[in-house]
Amino acid sequence: MSSSSIVIKELEKKDRERAAKFVRRMMRWTMKTYVKGDHSRESLNHHISTAIRTLDLAIKDPSHYCIIAVKDGEIIGIALGQVLGGVGRIDWMAVAPERHRQGVGKKLMTAVERQMHRRGCHKMTLYAFNSYIPALGLYLKWGMVQEAILKEHLWGDDYVMMSKWLEKRKRPEA
């Protein structure tokens with residue numbers, strides 16, 4: 001299937017309900033498929049509500065963003081987060097499993113990085129489930145590096161903190 005008809009755009013108010021539905025579906029799929037062991041209902045509900053709050057913030061707060069990938073009117077990917085203090089954070093990113101390996105993740109990462117450059121970021125960061133190998137592979141190919149492993153972090157899940165420097169900044173001399 002060609003990726004030429006995939007549209008990458010910023011979330012608009014009219015897309016909010018479809019995006020929230022996509023977030024719920026993908027969060028459940030991700031945790032069921034990649035989080036080792038049993039994740040708690042509390043963990044799942046927290047991650048869903050946090051992502052949906054970020055959707056709402058992206059519509060009204062310029063420090064937040066939400067980029068969606070749309071094909072044939074259907075949301076097939078999403079990346080959302082915040083920019084603060086020169087650091088662009090990806091809070092959550094997902095591509096529909098039936099669209100994996102079709103370039104959607106790369107298109108989203110390109111759009112996120114462009115937005116971070118436009119906003120003057122010198123670094124981008126994210127946390128990912130340690131067990132979500134396909135996502136970690138994409139981030140590594142994108143030039144991100146592992147900064148830390150957070151063992152038994154939130155609700156006992158393991159996370160990897162990753163980052164990428166977007167530009168070299170000369171540190172002030174002491």
Side-chain angles (χ1 to χ4, degrees), residues 3 8 22-23 25-40 42-55 57-58 63-69 76-97 99-172 174:
S3 64
I8 304 294
F22 181 80
V23 163
R25 178 173 81 98
M26 291 309 305
M27 194 68 74
R28 287 183 182 105
W29 178 85
T30 300
M31 299 211 44
K32 178 181 168 190
T33 306
Y34 288 102
V35 178
K36 293 180 179 177
D38 293 328
H39 59 274
S40 69
E42 184 182 13
S43 170
L44 177 62
N45 289 339
H46 166 78
H47 288 297
I48 290 172
S49 67
T50 299
I52 291 174
R53 252 193 327 272
T54 304
L55 285 177
L57 286 168
S63 72
H64 288 79
Y65 68 87
C66 179
I67 299 168
I68 58 176
I76 60 169
I78 195 165
L80 48 92
Q82 184 178 23
V83 173
L84 182 64
V87 176
R89 188 179 69 227
I90 301 173
D91 287 337
W92 190 67
M93 183 173 148
V95 173
R99 300 294 182 176
H100 285 183
R101 305 194 62 78
Q102 295 179 14
V104 179
K106 289 177 188 172
K107 288 178 180 285
L108 286 169
M109 288 297 289
T110 298
V112 166
E113 190 166 331
R114 278 189 189 135
Q115 184 158 131
M116 290 180 185
H117 276 292
R118 276 196 318 272
R119 292 177 179 218
C121 294
H122 62 275
K123 183 179 182 181
M124 59 191 281
T125 68
L126 60 83
Y127 291 94
F129 289 119
N130 195 28
S131 56
Y132 198 177
I133 303 304
L136 295 174
L138 171 67
Y139 303 142
L140 288 169
K141 284 180 188 173
W142 204 257
M144 299 191 88
V145 297
Q146 175 182 306
E147 281 201 33
I149 295 177
L150 306 172
K151 295 299 248 175
E152 296 183 24
H153 198 54
L154 301 173
W155 291 279
D157 295 330
D158 294 345
Y159 290 82
V160 176
M161 180 185 174
M162 301 184 82
S163 66
K164 178 180 180 180
W165 290 94
L166 299 177
E167 66 181 47
K168 301 251 183 201
R169 287 212 167 167
K170 193 172 184 179
R171 295 185 185 264

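Residue indices begin at 1 and follow the sequence shown.
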Open item on the list: How close do Leu108 and Ala79 get, counting heavy atoms only, and between which atoms?
Closed with: CD2-N, 4.3 Å
Open item on the list: Nearest 0.5 angstrom please: Leu57 CG to Ser63 OG, how far?
Closed with: 7.5 Å
Task: side-chain contact (heavy atoms from CB on, under 4.5 Å) partner of Val95, the single match among Met26, His100, Gln102 - done: His100
Open item on the list: For a 4.5 angstrom cut-off between non-hydrogen side-chain atoms, does Leu80 reach Ile68?
Closed with: no
- [ ] Would you check if the side chain of Asp158 reaches a backbone N or O of Glu152 as a donor-acceptor pair within less than 3.5 Å?
- [x] yes
- [ ] Indicate yes or no: at least one non-hydrogen side-chain atom of Gln82 is less than 4.5 angstrom from one of Thr54.
- [x] no
- [ ] Specify the closest pair of heavy atoms between Phe22 and Ala96, including all atoms of both residues, with the distance to one decimal.
- [x] CZ-N, 3.8 Å
Open item on the list: Looking at every heavy atom in both Gly81 and Asp91, which two are closest together, and how far apart are they?
Closed with: CA-OD2, 3.5 Å
TODO: Hey, could you give me the CZ/CE distance between Arg114 and Met109, rounded to the nearest 0.5 Å?
DONE: 12.5 Å
Open item on the list: Please find the pair of heavy atoms, one from Trp92 and one from Ala51, that lie closest to each other, and give the distance.
Closed with: CE3-CB, 4.4 Å
Got a list of side-chain donor-acceptor pairs under 3.5 Å for residues 140-147, not counting sequence neighbours?
residue: Trp142; atom: NE1; partner: Glu113; partner atom: OE1; Å: 2.6
residue: Glu147; atom: OE2; partner: Lys123; partner atom: NZ; Å: 3.1
residue: Glu147; atom: OE2; partner: Ser163; partner atom: OG; Å: 2.3

Open item on the list: Between Trp165 and Met124, is there a side-chain heavy-atom distance shorter than 4.5 Å?
Closed with: no
Open item on the list: Does any part of the side chain of Val23, heavy atoms only, come nearer than 4.5 Å to the side chain of Ile78, both counted from C-beta?
Closed with: yes
Task: Heavy-atom pair of closest approach, residues Gly88 and Cys121 - done: N-SG, 3.6 Å
- [ ] Evaluate the side-chain proximity of Leu138 to Met93: yes if any heavy-atom separation is below 4.5 Å, no if none is.
- [x] yes
TODO: For the residue pair Ile149 and Lys151, establish whether any side-chain heavy-atom pair is separated by less than 4.5 Å.
DONE: yes
Open item on the list: Atom CZ of residue position Arg119 - does it have more than 12 heavy atoms of other residues, nucleotides or ligands inside 6.0 Å?
Closed with: yes
TODO: Working to the nearest 0.5 Å, report the span between CD1 of Ile90 and NZ of Lys164.
DONE: 9.5 Å
Task: Aromatic ring pairing Tyr127/Tyr159, orientation class (parallel under 30°, perpendicular over 60°, tilted between) - done: perpendicular
Task: Test log, rule side-chain contact (heavy atoms from CB on, under 4.5 Å), inputs Ile67 and Ile8 - done: CA-CA 7 Å; Ile67 299 168; Ile8 304 294; 3.5 Å; yes
Open item on the list: Measuring only between side-chain heavy atoms, which start at C-beta, is Thr125 closer than 4.5 Å to Met162?
Closed with: no
Open item on the list: When you measure from the side chain of His64 to the backbone of Val83, do you find a donor-acceptor pair of N or O atoms at a distance under 3.5 Å?
Closed with: no
Open item on the list: For Gly86, is there any backbone N or O sitting under 3.5 Å from a side-chain donor or acceptor partner on His122?
Closed with: yes
Open item on the list: Looking at every heavy atom in both His117 and Leu166, which two are closest together, and how far apart are they?
Closed with: CE1-O, 3.5 Å
